[in-house]
Amino acid sequence: FREPKMVLLWYRYGNDGCFFINFFSGDITQKGYEKKRSKLLQAYLPHTQGAERRIPVTPSSSSSSSSRYQRRRSTGTRDERYRSDVHSEAVQAALERHSERKMTVLLPSKRQSLVGQTSMDTYTPPDSSSGSDAEGSLGRAGGVSVDSWISRALHGSPSTSSSSSSHSNSSANAARLAETSMHSYDSLTAPPDITSYMPDPAPISVQRPQVTMITRPLPKYGNAELMETGDGVPVSSRVSAKIQQLVNTLKRPKRRPLREFFVEDFEELLEVQQPDPSLPRPEGVESTPIQGEELDGLKNCPASLEAALLRWGAIAPKAPCLTTTHSNAKQPYTLTYGKLWSKSLKLAYNLLHKLGSKQEPIIHPGDRVALVYPNNDPAAFMVAFYGCLLAEVVPVPIEVPLTKKDAGSQQIGFLLGSCGVAVALTSDACHKGLPKSASGDVMQFKGWPKLLWVLTDSKHLSKPPREWFPLIKDANNDTAYIEYKTCKDGSVSHITNDITRPMYIHTFILSFICMHVFSVRPQEGSSKPAGQGVLSMTNLSHGVIRVDTGEKLSVLTLQDVGTAMPGAMVCVVKLEGVPQLCKTDEIGEICVSSVATGTSYYGLSGMSKNTFEVCPVACDGGFVSDCVFVRSGLLGFVGPGGMIFISGTLEGLMQVGGRKHSADDIIATALAVEPMKFIYRGRTVVFSVNVLYDERIVLVAEQRPDSTEEESYQWMSRVLQAIDGIHQVGVYCLALVPANTLPKTPLGGIHLSETKQLFLEGALHPSSILMCPHSCITNLPKPRQKQPGTQVGPASVMVGNLVAGKRMAQASGRDLSHMEDNEQFLFLSEVLQWRAQTTPEHILYTLINSRVTSLTCLQLHKRAEKIATLLYERGQLRDGDHVALVYPPGLDLIAAFYGCLYAGCIPITVRPPHPQNISTTLPTVKMILEVSRSVCVMTTQAISKLLKSRDASVAVDFKSWPPILETDDLPKRRCSLLYKPCDPDTLAYLDFSVSTTGMLAGVKMSHNATSALCRSVKLQCELYPSREVAVCLDPYCGLGFVLWCLCSVYAGQQSVLISPMDLEVNPALWLQSVSQFKVRDTFCSYSVMELCTRSLSSLTDSLKVRAHTLTQNFNLHLVKQHFRLARGMDLTRVRSCVVVAEERPRVALTQSFCKLFKDVGLHPRAVSTAFGCRVNLAVCLQGTSGPDPTTVYVDMRALRHDRVRLVERGSPHSLPLMESGKILPGVRIIIANPETKGPIGDSHLGEIWVHSPQNASGYFTVFGEENVRSDHFGARLSFGDTQTLWARTGYLGFLRRTDLTDANGERHDALYVVGALDEVMELRGMKYHPIDIETSIIRAHRNITECAVFTWTNLLVVVVELDGSEQDALDLVPMVTNVVLEEHYLIVGVVVVVDTGVIPINSRGEKQRMHLRDGFLADQLDPIYVAYNM
């Protein structure tokens, strides 16, 4: 301002959106600058004992170093941001020296189609000079001084600090871990192609119909001895060999774990973190604020920026104000003060008078106006900026939106909208490059307000009249301009660097000393020389400053940035808590007090107070100064002589395990590992994500298209070794993405917050990913360990509960004393004969599929007689022979069952093989026939042809089948004598099923148990001949078979039967049948409910009730026609919709079902669940009377320790448990300890034991698990009632007495099923139920449709089904790992991504996890991607 002179101006946008102007004296050249710098620093070079003196990089010291320095200084590109030749040479030398060290990094297994999708044709090489958006020099002069950096880091070298001992063990452990690998860093081999490897010539394609059971063939699944060796490792499995290799690696010692942040307990007791005395601590005295020189010379200066522009535009109009060069222009463009004044004046006039009308102008003084100019046009931006100042409007500089999906574009729109911006100024060239709509207007960007675009070129502006002159104000506290700052999380804050007087004073300071920010470089002849410090990086991670020597491993060389600016005060405060002054050897945040700073965030008073109104305090609690300080966001300290040193930024700081690491340091180490061969140097970002109460480091880089997957993983493994050795910190995730896929900033760098957001959302789409949770997660909660010899006995538990006033956990259903007419019969065959005589025309069954078929009592009786005749004459069967009934769901199955009872044979219902998957399902049918010792097979003619087909003969030899009887053509004469059992305890039928643990078992159901079961269901559901019941269940086992075949004959109600297989064609068939028949009670499975929820979710509007009524006497012959015509659905008559299952109730699914069909009349109270198991097919069933089912919320963490802790809804880690129905009449339940067999108290977790006349008699045989506990059906309590025989269900649960009352007026006892005892996974001393982990995983990503978990050699394996492109497979790996860590405190060992339908599910909707495990280990799943977490 004193007089115009030539300055070199470097113009750019910063990472927070504002522009910076760096001034350098115009009379000094690059060579002169080097000479002056060398002369200044020569006398103050640091000397270290026993080492060479550090020589600054000058032309006289090293020509090569000088050339490198000049390249870095002249280019100014982001390619050299992390460039340190010494660093790179040291890293390479150390990696070569230790190339013999081994480290196990298991390459993932990919499907060949996924590998081949990387195309070179569409590749466009990115700008290698760009980088992340955290650009800015922090005064670093290098970080490494010796070639043995990583070498000695791996051995754990001594250090001068007290913290080196805490990391020496980790380095030694890392070295020992590396020696166990089968692959070295330099000799990693590609993984075997597990998709092409098959131990059997006929690969198995696992397909899953929605409601069809997927079984496994005998040679591949059933016999464990054919698969496993003595130690449990499959002989011919390459996948399991990798898992075993991973297990051996993880058994090795790793980094010494940190102190646990908390001890997980059901009482949620947090451990207070005790300070570690071995960690380095600051030992200096309290620092003091430093004061800059006094600011003089303001008296003769212009009163404001507008006045300064007016003065120099009048005094020196031809003096150059700005000189800029363009890449296309041959000559540089010079903007003089006269041109700047005239153009700004012209723009100000047009803004105020040419927009809108005279009566209603668009812009008024004080309005906000957006400035949209490219980075290469500073002259136009400067004219627009000063034009806004002259027009008294507030400019808001923003970056140019290049595309509609620019990273951060929506946040900029929020900025414009909150500031009330309605006008955007831009140049003609920039306007042409903006994306346009079809009409030629600028496209409306997402989140942006509607803008009026104004071109500021002279040809588009009118010349102001001579008499018009703007108002030149003095400096005041009005807003001058608004810039924005992108925070670490990607949010935008509007910084009002807005007080005109401080901005003017700041400009005066810049012109006085030609520097910026809050520090100045000492000029020549100053008494304060430049400084340089060599600091220990290990101590810096603890926030402590320790001077080190260049020969140490982790050192960081910092160059000072000068002293405080004139008129400013600088201090260093602690990063957390009260802004207290740091000690002299402590790293903190630098705060500035100056009139040349901004004062607030626009519209954010709370943030403004914390940032712009900081009052530092001393150790005694008093304020340091009366002045208000502003947080700079820079980390550093004040060195000797008042020199300010910057060590990093607050936004780039990552705190991992109590230590602080800079993202720039991590990037520098990673890029030193041969980056140019595999990744782009400027396309690398590092950020941290919060996982399990701590931050975890994630490194993302763009991969070169010519690098192979093997080379990429080789580079990633070397990066892991380098970062672990130098920084003593593990990398949680390394991800390589294809070139030009990461979101970019307008400057061409990587948008850090957008990249992090894509990673957290699972939308990063990496081409290679490596997760290392085993080495990074060291703060897992300690499990509760059982102390030997301290277990409390069952008697003590019982006495303790009685003393505490707690009742024992036992309950029973109502009594079965009342007898009815049909209950005088002990056998179902007699009941059917009685109904055929008394009510011959009463319809018992109505089957609905492609056509409607009904069956009366007499018709069923006659068909059963003919089938008995068939068994006697053609089959030559005797009493007690076992007959396999291989029928599709229908009336033939029911007739064949009662035909067997009439003939005295023992029926075994078997699901027929699936025609489209006969090679997999047919061996299961043959297995059941062999295990059940069936002497005959009854089936239809169609299935008989299928068994004799060529495809079936490949799987099972037809000659091995027992005799097959076809029941399509039955004998015309009836059986002369029907069989009547002599003892009700004799065997009635065998119930075969495959459990979720892969066990095929058949239970023996006696005639007495069958009648008692039907009687209990009749009383509970109030079933009578006048009722209609809709059944959509699998009719082959469990309660589904009882409801399909037995209950209608016993109780007399009409059963409307819908096969779950028919719902695949018509998902609305079940609910339409319920609506048309006005059914009040219906039964279904979870698979049926899930199919209806998924398939009909988009059709609920068309299913709503319409204005039509049905006649009371419904004509069955017109049902088919009515289904074709009727589109309405009415579920208002449904009073009971029972889900039959042998598992914990699925609360989320039932709630979704109720919410979806609420509009068609389904009441939420109508939906309930039933519970049954192998030993008792129906333990609980809600029925029609009694209180509504209750839902409680328990602490999921307490369940892991076999405890039940009730919490409120919405509490952290809360798990909803719905009551499994009302206990059936005649059933007694007690909760017992599965280990001690002693009774336990109310609301305590234990095994559910049942005593009832409807219990099964025992296992007929067991296949797949021969060592089944012998006391399943005859267990006795070890204390208390030791005489009663109980059946052990094998399910964990608890009883809880509620405040509700049942029909008898007594308080209701609710049973809550938690999970199967055989499925419990014990990991880290805690017990987990697979469904809990799977529920969390399904919520992790929108493309996960189904998942299953199982364990293998102490590793947790997760299999997820991908509903999307195969390119999205790698996105699921970090999402699955994160959610399991966060919610269950478990580390996932292997993540397997498969196609939809691969996870086998039985007819009840239960996952066959053991089948899945065997298929995975036998390499039969054809996975899309298999990731092995390290």
Side-chain angles (χ1 to χ4, degrees), residues 822 825 827-877 879 881 883-910 912 936-944 963-981 988-989 1010 1014 1025 1031 1035-1036 1041-1057 1059 1116-1117:
N822 64 313
F825 303 106
F827 310 104
L828 282 176
S829 57
E830 294 180 343
V831 176
L832 179 58
Q833 297 173 38
W834 172 72
R835 292 196 180 279
Q837 295 176 0
T838 57
T839 57
E841 300 302 324
H842 176 67
I843 297 177
L844 286 180
Y845 299 100
T846 300
L847 178 67
I848 298 179
N849 43 30
S850 59
R851 59 191 182 92
V852 179
T853 308
S854 61
L855 193 64
T856 63
C857 298
L858 183 61
Q859 291 173 344
L860 177 59
H861 171 67
K862 290 183 178 180
R863 290 185 63 178
E865 284 183 325
K866 294 179 180 180
I867 292 176
T869 303
L870 178 69
L871 291 174
Y872 282 138
E873 296 180 354
R874 299 183 188 178
Q876 301 295 323
L877 300 184
D879 299 345
D881 286 345
V883 178
L885 309 182
V886 186
Y887 288 92
L891 302 180
D892 292 337
L893 176 65
I894 302 174
F897 177 81
Y898 286 99
C900 290
L901 295 184
Y902 281 0
C905 298
I906 309 301
I908 301 101
T909 55
V910 184
C936 177
V937 176
M938 281 203 305
T939 184
T940 62
Q941 184 177 5
I943 296 179
S944 178
I964 300 177
L965 298 180
E966 300 176 1
T967 58
D968 296 81
D969 187 13
L970 295 175
K972 295 185 178 180
R973 67 186 186 90
R974 297 179 298 175
C975 182
S976 58
L977 181 63
L978 300 181
Y979 174 79
K980 180 179 180 180
Y989 70 97
T1010 304
C1014 293
V1031 179
Y1036 299 105
F1041 167 76
V1042 174
L1043 294 171
W1044 188 283
C1045 295
L1046 308 183
C1047 284
S1048 287
V1049 172
Y1050 187 88
Q1053 83 278 3
Q1054 178 183 354
S1055 294
V1056 180
L1057 306 178
S1059 172
L1116 296 179
H1117 299 286

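Just so we're clear, the structure is a prediction, and the values are computed from it rather than from any experiment. For the single chain, residues carry numbers from 1 onward in sequence order. Worth knowing before you read on, the calculation uses all heavy atoms, side chains too, and leaves out hydrogens, waters and symmetry mates.
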- prompt: For Ser944 and Glu966, what are the C-alpha separation, side-chain angles and deciding distance, and is it a side-chain hydrogen bond (donor to acceptor under 3.5 Å, both in side chains)?
  reply: CA-CA 7 Å; Ser944 178; Glu966 300 176 1; 2.9 Å; yes
Verdict with reasoning, Thr940 to Val886, per side chain to side chain contact (heavy atoms under 4.5 Å, CB included): CA-CA 8 Å; Thr940 62; Val886 186; over 6 Å; no
- prompt: Which distance, rounded to the nearest 0.5 Å, do you find between the OG of Ser1048 and the CZ of Arg835?
  reply: 9.0 Å
query: Do Thr967 and Leu870 come close enough that some side-chain heavy atom pair is under 4.5 Å?
result: yes
- line: Distance col, row Asp879:CG vs Lys980:NZ, nearest 0.5 angstrom, shows 14.5 Å
message: Keeping Gln837 on the side-chain end and Trp834 on the backbone end, is there a donor-acceptor pair under 3.5 Å?
response: no
task: Check whether any side-chain heavy atom of Leu1046 lies under 4.5 Å from a side-chain heavy atom of Cys1014, and answer yes or no.
output: yes
Atom pair CG/CH2 of Leu893 and Trp1044 - distance to nearest 0.5 Å: 8.0 Å
message: Taking the ring centre of each residue, are Tyr1036 and Phe1041 less than 6.0 Å apart?
response: no
query: Sub-3.5 Å donor-acceptor pair from the side chain of Arg863 to the main-chain atoms of Leu858, do we have one?
result: no
- request: Decide yes or no for Leu844 and Gln1054: does some side-chain heavy atom of the first lie under 4.5 Å from some side-chain heavy atom of the second?
  value: no
- line: Separation between OH (Tyr989) and SG (Cys900), nearest 0.5 Å, reads 13.5 Å
- prompt: Can you find a heavy atom in the side chain of Thr853 that is under 4.5 Å from one in the side chain of Leu855?
  reply: no
task: Please tell me if the side chains of Thr846 and Val852 come closer than 4.5 Å, counting only heavy atoms from C-beta onward.
output: yes
query: Can you tell me if CG on Asp968 sees more than 12 non-hydrogen neighbours from other groups inside 6.0 Å?
result: yes
- prompt: Are any non-hydrogen side-chain atoms of Gln833 and Leu978 less than 4.5 angstrom apart?
  reply: yes
- request: Begin from the C-alpha positions of Tyr898 and His861 and carry the test ring pair (Phe, Tyr, Trp, His ring centres under 6.0 Å) through to its verdict.
  value: CA-CA 8 Å; Tyr898 286 99; His861 171 67; over 10 Å; no
field: Test item: Ile848 and Leu1057 side chains (from C-beta on) under 4.5 Å apart, heavy atoms
entry: no
task: To the nearest 0.5 angstrom, please state how far the CD atom of Glu841 sits from the OG1 atom of Thr839.
output: 9.5 Å
message: I'd like to know if the side chain of His842 reaches the main chain of Cys857, judged simply by a donor and an acceptor atom lying under 3.5 Å from each other, with no hydrogens or angles considered.
response: no
task: Determine whether Tyr902 and Ile867 make a side-chain contact, defined as any pair of heavy atoms from C-beta on separated by less than 4.5 Å.
output: no
statement: The reported gap from CG in Leu832 to CZ in Phe897 (rounded to nearest 0.5 angstrom) is 11.0 Å
